[in-house]
Amino acid sequence: MESKEWMNHRYWFYAFILLIILILVAIIYVFTSISDSSSHHNIHDSQTNKDFTISMKNDELQSLMNASLDEYNVKTKITKKTLTFDTTTEILGKDIDVSLKTKPIKENRNTIKFDIKSINIGKLNISNPFILSQIKKFSDLPQYIDISPKDESIYLSLDKLDIDNVKSVQIQKLDISSEKWYFDIKLK
């Protein structure tokens with residue numbers, strides 16, 4: 001019985017994880033929108049270049065993510081080792097800190113693997129595989145998000161994203177330790 005009550009009171013946590021994943025997708029969309037508007041400078045040319053690369057450093061990506069997540073009271077911090085999402089939530093009148101530490105890795109040209117380093121919910125010590133299995137079990141995730149509790153990872157499949165005017169988004173280079181984030185964008 002306590003397990004069900006925990007799940008009912010922790011629904012916000014699942015929504016938080018889903019929100020983080022959706023925001024990452026939204027950031028990729030923002031990158032494509034920004035780059036798309038800058039590629040229209042040569043309107044008079046008979047042939048325009050539809051392929052381009054977006055490059056960012058950790059601090060640039062962190063600033064963009066924090067601006068995008070500000071309305072959700074979520075802050076990100078990117079170091080040379082982790083990408084961390086921090087927020088607080090109120091449970092029974094008390095503010096509880098929630099922190100999700102990940103390490104993004106290029107799995108292949110179409111997939112980013114977020115290795116979960118830790119999930120902290122206040123002072124609770126709950127195993128990452130348990131939390132991830134509960135999220136996978138009780139969340140209705142989009143097809144481009146896959147949670148693997150066994151290897152404690154979340155996968156973002158860029159080839160399954162449906163973004164207006166974008167044919168594909170592929171990872172050219174993703175190296176958090178050397179602060180290099182490169183994405184190849186192909187427009188429709």
Problem set entry | From CD1 (Ile119) to NZ (Lys101), nearest 0.5 Å | 12.5 Å
Exercise. Distance from Ser55 atom OG to Glu179 atom CD, nearest 0.5 Å?
Worked result: 12.5 Å
Exercise. Does Asp115 pair with Lys113 as a salt bridge, N-O distance under 4.0 Å?
Worked result: yes
Exercise. Cluster question for you: counting only ILVMFWY and a side-chain heavy-atom cut-off of under 4.5 Å, with indirect links fine, are Leu132 and Tyr155 together?
Worked result: no
For this session: Kindly determine whether Asp97 and Asn120 satisfy side-chain contact (heavy atoms from CB on, under 4.5 Å), including the steps that lead there.
Result: CA-CA 8 Å; Asp97 293 327; Asn120 300 319; over 6 Å; no
For this session: For Lys75 and Asp70, run side-chain contact (heavy atoms from CB on, under 4.5 Å): C-alpha distance rounded to whole Å, both residues' side-chain angles, the deciding distance at 0.1 Å, then the answer.
Result: CA-CA 7 Å; Lys75 293 290 182 195; Asp70 189 46; 3.4 Å; yes
Exercise. How many angstroms lie between CG in Asn66 and CD1 in Ile78, if you round to the nearest 0.5 Å?
Worked result: 8.0 Å
Problem set entry | Cluster check Phe114, Leu174: I/L/V/M/F/W/Y, side chain < 4.5 angstrom | yes
For this session: Report whether Tyr182 and Leu187 are members of the same hydrophobic cluster (ILVMFWY, side-chain heavy atoms less than 4.5 Å apart, transitive linking).
Result: no
Problem set entry | SB check Asp159 Arg109 (cutoff 4.0 Å) | no
For this session: Please check if Val169 and Ile105 belong to a single hydrophobic cluster, counting links between Ile, Leu, Val, Met, Phe, Trp and Tyr side chain heavy atoms closer than 4.5 Å.
Result: no
Exercise. Are the side chain of Ser153 and the backbone of Asp151 linked by a donor-acceptor contact shorter than 3.5 Å?
Worked result: yes
For this session: Mind running side-chain contact (heavy atoms from CB on, under 4.5 Å) on Thr102 and Leu100 for me, showing each step along the way?
Result: CA-CA 6 Å; Thr102 69; Leu100 173 70; 4.0 Å; yes
Exercise. Is it true that a side-chain atom of Lys103 and a backbone atom of Ile116 form a donor plus acceptor pair closer than 3.5 Å?
Worked result: no
Exercise. Rounded to the nearest 0.5 Å, how far does CH2 of Trp181 lie from NZ of Lys57?
Worked result: 14.5 Å
Exercise. So do Ile171 and Ile112 actually touch side chain to side chain, heavy atoms under 4.5 Å?
Worked result: yes
Exercise. Is a side-chain donor or acceptor of Asn58 paired with a backbone partner of Ile176 at a separation under 3.5 angstrom?
Worked result: yes
Exercise. Rounded to the nearest 0.5 Å, how far apart are OG1 of Thr87 and CG of Asp95?
Worked result: 9.5 Å
Problem set entry | CA sep, side-chain torsions, deciding dist, call: Phe183, Thr53, side-chain contact (heavy atoms from CB on, under 4.5 Å) | CA-CA 5 Å; Phe183 296 93; Thr53 300; over 6 Å; no
Exercise. Does the side chain of Ile145 come within less than 4.5 Å of Leu156's, by heavy atoms?
Worked result: yes
For this session: Output the distance between atom CG (Leu83) and atom NZ (Lys77), rounded to the nearest 0.5 Å.
Result: 12.0 Å
Exercise. Which heavy atom of Ser118 sits nearest a heavy atom of Asn128, and at what distance?
Worked result: CA-ND2, 3.8 Å
Exercise. Can you tell me if Ser157 uses its side chain to pair, donor with acceptor, with the backbone of Lys160 under 3.5 Å?
Worked result: no
For this session: Please tell me if the side chains of Lys150 and Pro129 come closer than 4.5 Å, counting only heavy atoms from C-beta onward.
Result: no
Problem set entry | Side chains of Gln170 and Asp184, donor plus acceptor under 3.5 Å | no
Exercise. What about Leu61 and Ile185, same hydrophobic cluster or not, with Ile/Leu/Val/Met/Phe/Trp/Tyr joined at side-chain heavy-atom distances under 4.5 Å?
Worked result: yes
Exercise. Between Thr111 and Asn108, is a side-chain hydrogen bond (donor to acceptor under 3.5 Å, both in side chains) present by the stated rule, with each step listed?
Worked result: CA-CA 5 Å; Thr111 307; Asn108 56 47; 3.2 Å; yes
